[in-house]
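One structure is given here, and the rest of the page talks about it.
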Amino acid sequence: MTKERLYLYDTTLRDGQQTQGVQFSTPEKAQIAAVLDGLGIDYVEGGWPGANPTDSEFFETKPKMAATFTAFGMTKRAGMSAENDDVLAAVMNADTPAVCLVGKTHDFHVDTALGITLEENTANISKTMEYLVSKGRETLFDAEHFFDGYKSNPDYALETVLAAYAAGARWIVLCDTNGGALPRDVYETTKAVIAAGIPGTHLGIHTHNDTEHAVANSLAAVDAGARHIQGTLNGLGERCGNANLTTLIPTLLLKEPYASKYEIGVSLEALQGLTRASRLLDDILNRVPMKQAAYVGASAFAHKAGLHASAILKDPSTYEHVDPSVIGNERIIPMSNQAGQSNLRKRLSDAGLRVEKGDPALGRILNRIKDREAEGYSYDTAQASFEVLARQELGMAESFFDVERYRVISERRRNARGHLVVESEAVVTVQLPSGRKMTSYFKNEDATEMNDEGPVNALWQALRQDLGPYQDIINDVRLVDFKVRITNGGTEAVTRVIIDFEDETGRRWATVGVSANIVDASFEALLEALNWKLLRDGAVRAA
């Protein structure tokens with residue numbers, strides 16, 4: 001059976017940039033565009049030329065890609081021709097092969113926002129599409145507020161999109177701009193648009209996630225006949241975000257009836273890079289990846305209950321809807337005091353440690369985990385700390401170095417210019433097989449504000465500055481997240497610190513430290529992270 005083609009349109013660099021707190025630089029835009037192109041996305045929308053310096057600069061660089069590079073803008077304004085509209089001119093001057101323009105389709109917005117007649121608005125849409133087509137551009141019309149407009153005045157909403165299609169627009173994209181539509185609304189309205197004369201092969205969907213239905217609404221439009229889907233990586237977007245392509249792409253490739261009926265530009269081979277692409281975007285944004293994200297989240301294939309883990313050992317499909325490796329993700333069996341030997345053996349196996357069922361070491365490891373968790377430790381997410389603990393009980397944990405002492409100082413003062421600054425310094429004394437080594441870190445800048453990175457960073461920089469024969473292995477380790485929790489209140493408060501790390505291969509791991517002193521708890525987690533890295537990368541104890 002011949003599959004129908006679905007086209008994916010990414011608007012991360014434009015609509016995604018409207019997310020609160022998100023602002024891409026030009027190099028970051030280029031990096032994200034390259035990742036999207038590598039996945040096999042059909043259209044990559046670069047932004048709105050002329051709207052801001054970054055977008056204008058990005059279009060000037062003209063990134064090379066197999067995807068259709070697209071500029072975004074709006075239809076011409078009333079009272080001027082398309083040829084003389086300077087806002088439209090900036091979009092056209094970007095010289096992209098495709099142009100996507102937004103226009104009003106809800107009569108309320110035409111009256112209230114534009115203050116023109118419905119007839120004028122329809123004429124603006126039609127003349128703008130004709131102009132773009134005459135210039136040889138592939139033209140997309142984003143029908144803004146279409147679903148609300150269709151409810152309010154279906155005849156006029158249809159009039160606007162039919163005018164755009166008749167004028168030569170390649171794609172008519174129905175937009176749920178406010179994000180309030182539900183799947184049944186989207187399905188029935190999309191069907192009505194097709195029945196009115198716009199074939200599904202020219203119809204697209206653009207949804208927002210204000211009711212947590214953006215993905216469902218996109219699929220509903222496909223079910224109704226639309227063949228073009230717009231979305232963003234990780235669901236970035238204004239307010240609650242846009243349709244999440246990291247959810248839509250694997251759903252279309254792996255789930256029925258979509259996998260059998262449709263073909264998309266993303267191959268099964270490219271799909272294995274989806275998790276990495278998702279986390280790269282979060283890394284660029286300096287955001288912690290959402291662990292519960294479908295398909296690509298760190299917890300998407302985590303099995304904590306002993307009953308689940310036992311079944312997973314026999315057949316992963318008992319508690320997994322897809323194989324995590326297909327998306328470039330991995331299965332995790334967290335360790336906690338709820339765990340049984342099934343969880344433990346599976347987690348040990350994932351770490352490359354084979355322990356036979358009934359081995360006394362399993363009981364020792366479980367008992368130690370339960371004792372440590374009673375003290376405030378948590379191994380649920382700190383997988384690397386669990387592995388180090390297990391190796392210790394199994395006699396497989398090499399001692400690479402010892403820390404004899406550390407000292408950290410933070411000072412709040414006024415500098416010579418009278419500016420209030422905070423500075424931290426640290427000294428760490430390490431005993432290596434070759435002898436004692438002392439390293440220090442002090443960020444001594446002529447600061448103009450309180451921009452100190454803190455005592456934990458100072459300790460981290462001092463600790464990793466020079467570990468002698470192990471330095472090449474740890475050079476690429478960096479901190480990506482830092483979480484603190486007080487596990488007891490009052491004068492007996494205990495602080496738990498969990499730190500996430502990453503190396504240049506994209507591998508991530510987490511360690512836990514516990515102490516009444518937050519700095520000491522942090523230092524314990526830092527030490528364990530380096531020990532895990534050395535163990536995992538096959539370091540040999542120096543003579």
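These numbers come from a predicted model, not from an experiment.
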Any non-hydrogen side-chain atom of [X] less than 4.5 Å from a side-chain atom of [Y]?
X: L101; Y: T128; answer: yes
X: N234; Y: M290; answer: no
X: T160; Y: K104; answer: no
X: N178; Y: D210; answer: no
X: L132; Y: L88; answer: yes
X: L236; Y: N242; answer: no
X: V102; Y: F72; answer: yes
X: L274; Y: P250; answer: yes

Check the surroundings of atom [atom1] in [X]: do more than 12 heavy atoms from other residues, nucleotides or ligands lie under 6.0 Å from it?
X: E256; atom1: CD; value: yes
X: K135; atom1: NZ; value: no
X: R485; atom1: CZ; value: no

**OP:** Start with the C-alpha distance between W460 and F501, add both sets of side-chain angles, then the distance that settles ring-ring contact (aromatic ring centres under 6.0 Å, His included), and finish with yes or no.
**Re:** CA-CA 12 Å; W460 171 242; F501 300 83; 5.6 Å; yes

Hey, does the side chain of [X] reach the backbone of [Y] with a donor-acceptor pair shorter than 3.5 angstrom?
X: T246; Y: N244; result: no
X: Y156; Y: L118; result: yes
X: K191; Y: A195; result: no
X: T190; Y: V186; result: yes
X: T61; Y: F58; result: yes
X: H202; Y: R170; result: yes
X: R464; Y: N475; result: yes
X: K127; Y: A167; result: no
X: D10; Y: I41; result: no
X: K62; Y: A94; result: yes

Please name the pair of heavy atoms, one in [X] and one in [Y], separated by the smallest distance, quoted to 0.1 Å.
X: A181; Y: N217; answer: O-ND2, 3.0 Å
X: V91; Y: A71; answer: CG1-CB, 4.0 Å
X: T105; Y: A143; answer: CG2-CB, 3.5 Å
X: L420; Y: R414; answer: N-NH1, 3.8 Å
X: S424; Y: P455; answer: OG-N, 3.5 Å
X: N415; Y: V421; answer: ND2-CG1, 3.8 Å

Tell me yes or no: between the side chains of [X] and [Y], is some donor less than 3.5 Å from an acceptor?
X: H213; Y: D176; answer: no
X: N124; Y: E120; answer: no
X: Y131; Y: S81; answer: no
X: T232; Y: T12; answer: no

Subject >> Proximity of F59 and F69 rings by center, below 6.0 Å >> reply: yes

Subject >> Audit row: H228, Y43, ring-ring contact (aromatic ring centres under 6.0 Å, His included) steps and yes/no >> reply: CA-CA 10 Å; H228 170 108; Y43 296 82; 5.7 Å; yes

Original post:
Yes or no on side chain to side chain contact (heavy atoms under 4.5 Å, CB included) for L526 and L530, after CA distance, side-chain angles and deciding distance?
Top reply: CA-CA 7 Å; L526 297 175; L530 294 183; over 6 Å; no

Original post:
S152 and D107: side chain to side chain donor-acceptor pair (under 3.5 Å), yes or no, with the steps?
Top reply: CA-CA 8 Å; S152 169; D107 57 355; 3.0 Å; yes

**OP:** Just do the ring-ring contact (aromatic ring centres under 6.0 Å, His included) check on W171 and Y9 with the steps written out, would you?
**Re:** CA-CA 11 Å; W171 291 107; Y9 182 109; 9.6 Å; no

Original post:
OH/Y150 to CG/D185 distance, rounded to the nearest 0.5 angstrom?
Top reply: 11.0 Å

If the threshold is 4.0 Å, N to carboxylate O, is there a salt bridge linking [X] and [Y]?
X: R507; Y: D537; value: yes
X: D55; Y: K29; value: yes
X: E502; Y: R478; value: yes
X: D503; Y: R536; value: no

**OP:** Quick one: sort the F301 and H321 rings into parallel, tilted or perpendicular, breaks at 30° and 60°.
**Re:** parallel

Original post:
Can you say whether the rings of H208 and H206 are parallel (under 30°), tilted (30 to 60°) or perpendicular (over 60°)?
Top reply: tilted

